[in-house]
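Remarks on the structure that follows.
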Amino acid sequence: MTRVFNFSAGPAALPESVLRQAADEMLDWHGSGMSVMEMSHRGKEFIAIHAEAEALLRELLAVPANYRVLFMQGGAIGENAIVPMNMLRGHAGADYVNTGEWSKKSIKEAAKYAKINVVASSEATQFDRIPKRETWQLDPNAAYVHICANETIGGVEYHFVPDVGDVPLIADVSSNILSRPMDVARFGLIYGGAQKNIGPAGLTIVVVRDDLLGGALPITPSAFNYTEQAASDSMLNTPPTYAIYIAGLVFHWIKARGGLAAMEAHNRAKAALLYDYLNATGFYRSPIVREDRSLMNVPFKLKDEALDAAFLKGAEARGMVQLKGHRSVGGMRASIYNAMPVEGVKALVAYMKEFEASHG
Ligand SMILES: *Cc1c(COP(=O)(O)O)cnc(C)c1O
C-alpha cells in the first residue's frame with residue numbers, strides 16, 4: 001500500500017491513524033457486532049458516539065454553554081440558504097463581505113431570501129486581500145454580518161475577528177475550523193462542511209448562540225430549522241451517522257495531539273515552509289497580500305504558465321496529488337489542512353526547488 005501526499009481542497013486528506021481505526025472497527029464496533037453504518041441512530045451505541053463527538057467538539061473549540069452544536073446535512077452551500085432562513089429574525093436584510101468565490105456563492109443564495117447589502121469587497125483587486133475593517137459600510141439594523149473566514153479557492157483568510165458591534169457575526173468556517181483556537185463567543189453563528197478539516201462529506205457543523213434561535217421564516221424546512229434541530233439533538237431526521245463517527249475519531253486525534261493550540265503551531269510551521277519559499281523565489285509567486293494569506297489553502301502561480309502541466313506531472317510522479325488550482329483562478333493550490341503532515345509540505349517545497357532548478 002502506498003499513500004500519496006494529498007493536497008486536495010476537499011474532500012481532503014484524513015489522519016492515517018483515524019482511517020486505520022475505522023478499518024479495524026468496520027465490521028464490529030466495540031463488540032456491538034455491527035458496523036457504525038448499520039446502527040440505528042436512536043440506539044444506545046450511536047447515541048454514545050454522537051454525544052461523545054459533540055462533547056469533544058465543544059471541548060476543542062471551547063464552545064460556551066449558551067451555544068448549541070448542531071450536526072446537520074446539506075453542506076455549506078445548503079447553509080448559504082439555511083442561514084438567512086433562520087437568522088433574519090424579522091429583519092429586512094443582512095450584511096455580507098465579499099472576499100472571493102465562496103462569499104459570492106453565499107451572497108447569491110442569501111439574496112433569494114433577504115435584501116443583501118455587500119458592505120465591503122476585494123473584487124477590484126482580484127480578491128487578493130481581506131478589506132480593511134474601517135472600510136466596511138455596516139447597517140446597524142442588519143440581521144447579521146456574514147464573512148467567509150477562509151476563502152478555500154482564493155487562499156485569503158481572516159487573521160482577526162472583525163468587530164461588528166451588537167449585530168451577530170456569522171462565519172463560514174468550512175475550511176479553517178479546528179485549524180487553530182477561535183473565540184466562538186465573538187460570533188452569533190459559525191458553520192461549515194466537514195470535508196475539509198474534519199471528516200467525510202455529508203456532515204455540516206453549525207454552532208449557534210441560543211438567543212438567536214426561534215425566528216426562522218415559516219417556509220423553513222423542518223430538517224433545516226435550527227430551533228427544531230436543537231430541540232431534537234440534531235436527530236429530527238436521520239443524521240449522517242458514519243460521518244459523525246469519523247468526525248469523533250478526528251476530534252480524538254486532535255485532542256491527543258494537544259488540541260487547537262498545537263494544531264495552530266503545526267499549521268503555522270507548514271504554511272511558513274511554503275510561504276517563505278514563495279517569498280524568496282521569482283519562479284513562483286503567491287497572488288495574495290502577505291498579511292491575509294491562508295494557513296490552509298496556498299495558491300501559487302508559476303512564472304510561466306506553459307510549465308503548469310509539467311509541474312503537475314512531476315508532482316504526481318513523486319506522490320503529490322491534487323495540486324492543480326481551482327479552474328476559476330488557475331495555477332496551483334496546495335491545501336494543507338490539519339491532517340497534512342509536515343513531511344508532505346517539505347516534500348512539496350523540495351520538489352518546487354528541484355523544478356525551479358531544472359526549468360528556471
Ligand atoms: C467547500 C466549501 C463550501 C461548500 O461546501 P459544500 O459542502 O460543497 O456545500 C462552502 N464554503 C467554503 C468556504 C468551502 O470551503
Quiz item: Is there a salt bridge (charged side-chain N to carboxylate O under 4.0 Å, His left out) between E101 and K104 once you walk through the steps?
Solution: CA-CA 5 Å; E101 297 304 319; K104 284 201 283 188; 3.6 Å; yes
Enter the distance from [X]:[atom1] to [Y]:[atom2] here, rounded to the nearest 0.5 Å.
{"X": "N237", "Y": "M72", "atom1": "CG", "atom2": "CE", "value": "8.5 Å"}
{"X": "L27", "Y": "E38", "atom1": "CG", "atom2": "CD", "value": "8.0 Å"}
{"X": "S335", "Y": "H326", "atom1": "OG", "atom2": "NE2", "value": "11.0 Å"}
{"X": "I170", "Y": "N86", "atom1": "CD1", "atom2": "CG", "value": "9.5 Å"}
{"X": "Y284", "Y": "K301", "atom1": "OH", "atom2": "NZ", "value": "15.0 Å"}
{"X": "M332", "Y": "M352", "atom1": "CE", "atom2": "CE", "value": "9.5 Å"}

Keeping [X] on the side-chain end and [Y] on the backbone end, is there a donor-acceptor pair under 3.5 Å?
{"X": "R333", "Y": "A9", "result": "no"}
{"X": "R68", "Y": "V208", "result": "no"}
{"X": "D233", "Y": "M235", "result": "no"}
{"X": "R133", "Y": "D163", "result": "yes"}
{"X": "D28", "Y": "G33", "result": "yes"}
{"X": "Q73", "Y": "T238", "result": "yes"}
{"X": "S294", "Y": "E157", "result": "no"}
{"X": "H41", "Y": "F46", "result": "no"}
{"X": "E123", "Y": "N98", "result": "no"}
{"X": "Q229", "Y": "A223", "result": "yes"}

Under 4.5 Å between any side-chain heavy atoms of [X] and [Y], yes or no?
{"X": "R3", "Y": "L19", "answer": "yes"}
{"X": "I198", "Y": "N338", "answer": "no"}
{"X": "R186", "Y": "L169", "answer": "no"}
{"X": "Y337", "Y": "S175", "answer": "yes"}
{"X": "N267", "Y": "K270", "answer": "yes"}
{"X": "V161", "Y": "D183", "answer": "no"}
{"X": "V298", "Y": "Y275", "answer": "yes"}
{"X": "F187", "Y": "V173", "answer": "no"}

Are [X] and [Y] connected, step by step, through hydrophobic side chains (Ile, Leu, Val, Met, Phe, Trp, Tyr) whose heavy atoms are closer than 4.5 Å?
{"X": "I254", "Y": "M296", "result": "no"}
{"X": "V164", "Y": "I190", "result": "yes"}
{"X": "Y67", "Y": "L61", "result": "yes"}
{"X": "W102", "Y": "I116", "result": "no"}
{"X": "L203", "Y": "I82", "result": "no"}

If you take all heavy atoms of [X] and [Y], which pair is closest and at what distance?
{"X": "N80", "Y": "S106", "answer": "OD1-OG, 2.8 Å"}
{"X": "G193", "Y": "A76", "answer": "N-CB, 4.2 Å"}
{"X": "A12", "Y": "N6", "answer": "C-ND2, 4.3 Å"}
{"X": "T99", "Y": "P131", "answer": "CG2-CD, 3.6 Å"}
{"X": "A262", "Y": "R257", "answer": "CB-O, 3.1 Å"}
{"X": "A271", "Y": "L295", "answer": "CB-CD2, 3.7 Å"}

Quiz item: Knowing that exactly one of M263, H266, H159 qualifies, which makes a side-chain contact (heavy atoms from CB on, under 4.5 Å) with R180?
Solution: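 Going through M263, H266, H159 one by one, the side-chain contact (heavy atoms from CB on, under 4.5 Å) with R180 is satisfied by H159 alone.
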More than 12 heavy atoms of other residues, nucleotides or ligands under 6.0 Å from [atom1] of [X]: is that the case?
{"X": "I219", "atom1": "CD1", "value": "yes"}
{"X": "Q137", "atom1": "CD", "value": "no"}
{"X": "E305", "atom1": "CD", "value": "no"}
{"X": "K105", "atom1": "NZ", "value": "no"}

Look at [X] together with [Y] and state whether they make a salt bridge at an N to O cut-off of under 4.0 Å.
{"X": "R58", "Y": "E54", "answer": "yes"}
{"X": "R268", "Y": "E264", "answer": "yes"}
{"X": "R20", "Y": "E16", "answer": "yes"}

If you measure only the distance, is there a donor-acceptor pair under 3.5 Å linking the side chains of [X] and [Y]?
{"X": "N297", "Y": "N150", "answer": "yes"}
{"X": "T281", "Y": "E356", "answer": "yes"}
{"X": "S103", "Y": "E151", "answer": "yes"}
{"X": "T220", "Y": "N225", "answer": "no"}

Quiz item: Between R290 and N279, is a side chain to side chain contact (heavy atoms under 4.5 Å, CB included) present by the stated rule, with each step listed?
Solution: CA-CA 9 Å; R290 291 192 187 196; N279 291 343; 3.5 Å; yes
Quiz item: Given V167 and L138, is the side chain to side chain contact (heavy atoms under 4.5 Å, CB included) satisfied, shown in steps?
Solution: CA-CA 9 Å; V167 176; L138 295 177; over 6 Å; no
Quiz prompt | Sequence neighbours excluded - ring-ring contact (aromatic ring centres under 6.0 Å, His included) pairs with any residue from residues 188-232 | solution =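 For residues 188-232: H146-Y191.
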Practice problem: Examine Y96 together with Y144 and report whether their ring centres are nearer than 6.0 Å. | Solution: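 For Y96 and Y144, the ring centres are under 6.0 Å apart.
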Exercise. Return the orientation label for the F160 and Y158 ring planes: parallel under 30°, perpendicular over 60°, tilted otherwise.
Key: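 Judged by the thresholds at 30° and 60°, the geometry between F160 and Y158 is tilted.
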Self-check item: Parallel, tilted or perpendicular, as decided by the 30° and 60° cut-offs, for the rings of Y351 and F311
Solution: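 Tilted.
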Exercise. Quick one: which residue pairs count as a side-chain hydrogen bond (donor to acceptor under 3.5 Å, both in side chains) with a foot in residues 192-201, not counting sequence neighbours?
Key: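 Applying side-chain hydrogen bond (donor to acceptor under 3.5 Å, both in side chains) to every pair that reaches into residues 192-201, excluding sequence neighbours, yields nothing.
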Exercise. Test side chain to side chain contact (heavy atoms under 4.5 Å, CB included) on Q21 and H252 and set out the steps.
Key: CA-CA 12 Å; Q21 185 177 345; H252 268 298; over 6 Å; no
Exercise. Test K255 against L56 for side chain to side chain contact (heavy atoms under 4.5 Å, CB included), laying out the working first.
Key: CA-CA 8 Å; K255 187 177 167 182; L56 281 165; 3.8 Å; yes
